Amino acid sequence: MRTFNVAVVGATGAVGNEIIRILEERNFPVSQLKLLASERSLGKSLEYKGKSIPVEVLNEDSFEGVQIGLFSAGGSISEKFAPIAARAGCVVVDNTSAFRMVHDIPLVVPEVNPEAIGQYKNKGIIANPNCSTIQMVVALKPIHDAVRIKRVVVSTYQAVSGTGKKAIDELEAQTRALLACQEPVVKVYPHQIAFNCLPQIDVFIDNGYTKEEMKMINETKKIMSDPSIAVTATTVRVPVFYAHSESVNIETEKKITSAEVRDLLSKAPGVKVVDDPSQKLYPLAIHAAGKDDTYVGRIREDESIANGINMWVVSDNLRKGAALNAVQIAEILIRDYL
Ligand code: 25A
Ligand code: L14
């Protein structure tokens, strides 16, 4: 079997750690695994397939002889180092927002637009979408193909792990402090996250939306190759560690019943329908955490309009929302192109 030299950039972060686990679980054909992070991680080692691999400091020579680079060390690191890696002949799958809306860089969810991967040849870079967008389009695609989606109204309930390790630590520390009647320390988020909901993810822009909301709007159109789909989003941080939940309201061109949606989604790749109100069964973040699928439930017709559907969509934001999607892209890349 052919094997590949793979670099993980941001290996010590929340997403990087998950990438290493998923390469291992899926038996990705790795010949040499290179773990890259900043000077802060120098001296650390991480486990891969029972072996301890030292973390190296990312620099301009890190990509010699590397065929695939999986990046999640933040947008500014990708802006600088992804083109350097590409010039060294390494194909980059980038988890940050740096290149997602660049017209000749493909933005890929394998269940939705795997054919776009071939466009990696333009710049040597493939962008991985935002976590909230990925799980939503996995559920939307089969419905769009069947009855064309005209408009989507989505509200998210996002876990803190999306922000990285420091946010996971902050939710834990604030929860402990408050339960011990102490003052919570607020550092990562603009307000206390423990026992609270924050209707702000990323920064605000001039139109009153946040950048996270605009990512969902713009990325959905690009991945579905349909700029005519109207999307509006409200993204909310909730005190959950792992897995994002979303309330998704859809207006379709042709009528579709909730039974038909249930049937379509139960056959869709990457989706599991969990939808039995009589048994109080619906997707939950605590069940989706650590899993690969996108779970859909609470499927019902929107009785306020002629052709509408409501559903509840849950997936692990570090897995399908980031690391797993990136590794799935790399699997198609080596199977069809490298
Ligand atoms: O800039 P963005 O795009 O908004 O991204 C912001 C953050 O989102 C996460 C990731 O956080 C990123 O930093 N992220 C990225 N893509 C994501 C996605 N698709 C995503 N989250 C969800 N979905 P993270 O904490 O999970 O990962 C950070 C990793 O990046 C490495 N890194 C940072 N600067 C680097 C670098 N690598 C190379 N060169 C650089 N200049 C970082 O390694 C980590 O692997 P590290 O060595 O800097 O950190 C190791 C440990 O130290 C902690 N830490 C981080 N910053 C500080 C710190 N400790 C002290 N002071 C700091 N300033 C980390 O928590 C880690 O445990
Ligand atoms: O655009 O803080 O991929 O939950 C994903 C995680 C943006 C921030 C991205 C979070 C990031 C988001």
Side-chain angles (χ1 to χ4, degrees), residues 8-10 13-19 70-79 82 92-102 105-109 125-138 154-171 174 186-194 196-205 209-223 231 233-246 285 288-289 294 313-329:
V8 180
V9 180
V15 174
N17 174 66
E18 209 63 32
I19 290 174
L70 304 170
F71 279 55
S72 66
S76 55
I77 298 299
S78 289
E79 270 167 35
V92 172
V93 182
D94 182 41
N95 258 305
T96 76
S97 56
F99 302 107
R100 288 176 189 155
M101 296 312 296
V102 177
I105 292 184
L107 180 65
V108 177
V109 177
I125 301 170
I126 301 166
N128 203 63
N130 173 268
C131 37
S132 300
T133 311
I134 292 176
Q135 67 183 64
M136 181 170 78
V137 297
V138 165
V154 56
S155 300
T156 68
Y157 304 67
Q158 296 186 215
V160 296
S161 54
T163 318
K165 281 183 177 168
K166 55 200 181 306
I168 298 173
D169 294 344
E170 179 153 308
L171 173 57
Q174 288 182 358
V186 175
K187 276 208 298 237
V188 175
Y189 294 121
H191 305 279
Q192 174 189 318
I193 180 62
N196 205 3
C197 299
L198 308 178
Q200 178 188 352
I201 296 183
D202 211 332
V203 297
F204 285 100
I205 57 172
Y209 283 74
T210 62
K211 274 195 182 169
E212 183 79 351
E213 289 159 352
M214 294 312 298
K215 286 178 215 167
M216 291 194 77
I217 295 166
N218 296 323
E219 293 177 19
T220 298
K221 295 169 196 262
K222 180 168 174 177
I223 300 161
V231 182
T234 303
T235 58
V236 182
R237 184 82 59 194
V238 296
V240 165
F241 286 105
Y242 300 101
H244 292 348
S245 304
E246 302 179 339
T294 295
V313 179
V314 182
S315 195
D316 187 321
N317 56 300
L318 295 182
R319 291 178 73 89
K320 186 57 188 169
L324 173 64
N325 199 69
V327 173
Q328 288 172 321
I329 290 171

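Since the structure is predicted, the reported quantities are computational estimates derived from the model, not experimental observations. As the structure lists them, so they are numbered: ligands from 1, and atoms in each ligand from 1.
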Could you tell me whether the side chain of E212 reaches within less than 4.5 Å of the side chain of Q200, counting heavy atoms only?
no
Answer whether the closest heavy-atom distance between the side chains of N317 and Q158 falls below 4.5 Å.
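Of all side-chain heavy-atom pairs linking Q158 with N317, none is under 4.5 Å.
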Taking the minimum heavy-atom distance to atom 1 (O) of ligand 2, which of M216, K215, R237 ranks first?
K215
Go through ligand 2 atom by atom and flag the ones less than 4.0 Å from a non-hydrogen atom of [X].
X    : value
G162 : 2 (O), 4 (O), 6 (C), 10 (C), 12 (C)
T163 : 2 (O), 4 (O), 10 (C)
N95  : 3 (O)

With heavy atoms under 4.0 Å as the rule, classify the contact between N317 and ligand 2 as side chain, backbone, both or neither.
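Answer for N317: neither.
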A167 contact mode with ligand 2 (heavy-atom cut-off under 4.0 Å)
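Under 4.0 Å from ligand 2, A167 contributes no heavy atoms.
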Scan side-chain atoms only and decide if R100 and T133 contain a donor-acceptor pair under the 3.5 Å cut-off.
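Checked: R100/T133 side chains show no N/O donor-acceptor pair below 3.5 Å.
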Exam field: side chain [X] to backbone [Y], donor-acceptor pair closer than 3.5 Å:
X    : Y    : value
T96  : A98  : yes
E246 : V154 : no
T210 : F204 : no
N325 : V108 : yes

So, is N130 polar-close to ligand 2, with some N/O to N/O distance under 3.5 Å?
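Min N/O separation from ligand 2 is below 3.5 Å for N130.
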Give yes or no for whether the N/O distance cutoff of 3.5 Å, strictly under, is met between E212 and ligand 2.
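No.
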Please determine whether any non-hydrogen atom of D202 lies less than 4.0 Å from an atom of ligand 2.
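No, D202 has no heavy atom closer than 4.0 Å to ligand 2.
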